[in-house]
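Below you'll find the structure, written out as structure tokens, and then a few comments.
A note on names: the letters A, B, ... follow the listed sequences, proteins ahead of strands, and every chain is numbered from 1. Worth saying up front: this structure is predicted, and the values here are computed from it rather than measured.
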2 protein chains.
Amino acid sequence: MTRMITPTQDKRGIVDEIVDFLYAEITSLRLLPGTRISEPDIAERFGVSRQPVRDAFRRLEAMELILVRPKKATEVRKFSALAIEKSRFLRAAVEAAALREAAKKCGKADGFQLDACIAMQHRALAQNDHAGFGVLDYEFHQQICQIGGVPYAFDVIRAEKAKVDRLCVLGLAKERRMPELIADHEAIAAAIKANDPEAAASAGMLHLSRLDETIAAIRINNAAYFEDDRS
Amino acid sequence: MTRMITPTQDKRGIVDEIVDFLYAEITSLRLLPGTRISEPDIAERFGVSRQPVRDAFRRLEAMELILVRPKKATEVRKFSALAIEKSRFLRAAVEAAALREAAKKCGKADGFQLDACIAMQHRALAQNDHAGFGVLDYEFHQQICQIGGVPYAFDVIRAEKAKVDRLCVLGLAKERRMPELIADHEAIAAAIKANDPEAAASAGMLHLSRLDETIAAIRINNAAYFEDDRS
DNA sequence: GGGTCAATTCTTGTATCCAAGTTTGTATCC
DNA sequence: GGATACAAACTTGGATACAAGAATTGACCC
């Protein structure tokens, strides 16, 4: 896991450390939505003053991972139906565009790279290695962006994934989903290697739609972690 | 010009004021790229301490409008070819998706709304009202997102526009471009009203491509405002 | 026992001070 | 005159102190 948060920073400081720590805590769901976190508390844990913690909070707020209101306790953001919808739209738009580009530009070496990644995904499945599969999943989507010549697209995908991924930790029966996801990846890779942009895009959209069912199921079972969006 | 920066904030504070002020200064190009801005200076101007200014700087940094490095003077971000490319890709992806949705869902009332907006754009052209046209241009794209049922898409478009729009201020002969842009809008509206998603998307892509020529021209004439990206 | 009100405690917002590093200006030497 | 070195001023980063508001807890009254 390389630097996930600050892609364009040259010197890592204390605030980066704090951001990375809280980022991991939140996205791994060790800090549940609604959990209150206070600046002095974190500051004491890191042995620093409140100032760097404040800066870190501001960064996490920009990532929409925490909710900070004046004079009120800062808390880990709950899931919001609107935010999920927005995130899904954004990912769909960006991923479709990246897939189309990748399908247009995919050469022989690129195809091999995709195949290699999928082969490793099969290995992870055989070993029931969920964490490893998660990393390979990221890698697969990143490869697509790079093949398409739009590496920055992955920044968006990763950022949006971060907002929703922690939700999926609540989901059960991951092993059930892995074969399905690998099959999706194979269909996507096939379309890209066939230089068929539309097929690649629609395969990607199908892949994304798997999330919808998962999220819908999670939502009814974990209403406490969702904002009560009375609209 | 309503609240442009903080869409999900309930109470406007001092930092919001400072952010809005600097945001306007930077995007309007009254503060040129490379201009150094210091915390104490801004703090004195607003009659507050450095702390709120610090927070404001962090927010503007997250918007990629300023560049703050440790122990070095903070400056207005220069244009970067990579950032422009990323922004363009993001806008294209999101706008294409929004246009497709709008074309799918456009009803009669929606069509009238688009026509009304375009009619006002003609008025602005006749009166040579550039500022008014700019507002209407924003409004047109926002209407598309709302018709498509993806209002949040406009948040992305607006945010990305902010990073590039100031560049276009450097461009000359705006009046030359206005008729062209209005014609584009008419083509887009026609495709949407005809419920033709692909035509709408490609018309939108053509519309976006107008920017490329403008930016390329600006770049060679204003190299000083661009990062020297030796890559 | 339940409800209401007040005080205490906890939260973030702001101001000020000190530290560390960069830049810039100046004086001096060649 | 040009280059170099030193020093002063200016920059942000971090720590600490104080202020204002929100929430919780407790006591007191009904």
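- Looking at B/Asp16, its side chain does come within 3.5 Å of a backbone N or O of B/Gly13 through a donor-acceptor pair.
- Interatomic distance, A/Phe140 CZ to A/Gln113 CD, rounded to the nearest 0.5 Å: 10.5 Å.
- No side-chain heavy atom of A/Lys86 sits less than 4.5 Å from a side-chain heavy atom of A/Ser80.
- D/dT11 atom P lies 8 Å from atom CG of B/Asp41, rounded to whole Å.
- OP1 or OP2 of C/dT12 has at least one side-chain nitrogen or oxygen of A/Thr74 nearer than 4.0 Å.
- Within the model, atoms CZ of A/Arg69 and CD of A/Glu75 stand 5.0 Å from one another, a figure rounded to the nearest 0.5 Å.
- Listed here is the closest heavy atom pair of A/Cys145 and A/Ile157: SG-CD1, 3.8 Å.
- When base pairs are accepted only as Watson-Crick or G-U wobble with both N-N or N-O distances under 3.5 Å, DNA chain C takes part in stems of 3 or more pairs at C:1-30 with D:1-30.
- Atom CD in B/Glu44 sits roughly 12 Å away from atom P in C/dT16 (whole-Å rounding).
- In this structure, the separation between CD1 on A/Ile188 and NE2 on A/His141 is 6.0 Å, given to the nearest 0.5 Å.
- As rounded to whole Å, 16 Å separates atom P of C/dG13 from atom CD of B/Glu17.
- Rounded to whole Å, atom C1' of C/dC10 lies 15 Å from atom CD1 of A/Ile42.
- A straight line from NZ of A/Lys72 to C1' of C/dT9 spans 17 Å, rounded to a whole angstrom.
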Once each nucleotide of nucleotides 13-18 of chain D is scored for protein heavy atoms under 4.0 Å, what B/S/- sequence comes out, 5' to 3'?
-> BBBBB-
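- Atoms CZ (A/Arg36) and C1' (C/dC10) sit 9 Å apart, rounded to a whole Å.
- Classification of the A/Phe21-A/Phe46 ring pair by plane angle, with boundaries at 30° and 60°, yields perpendicular.
- Expressed to the nearest 0.5 Å, how far CZ of A/Arg88 lies from NZ of A/Lys163 amounts to 15.5 Å.
- Here the side chain of A/Ser38 is nearest to one of C/dT11, C/dT22, D/dA23, namely C/dT11.
- Nearest approach of A/Lys78 to A/Pro33, heavy atoms of both residues: CA-CB, 3.7 Å.
- Between the CG atom of A/Leu67 and the C1' atom of C/dT12 there is a distance of 13 Å, given to the nearest Å.
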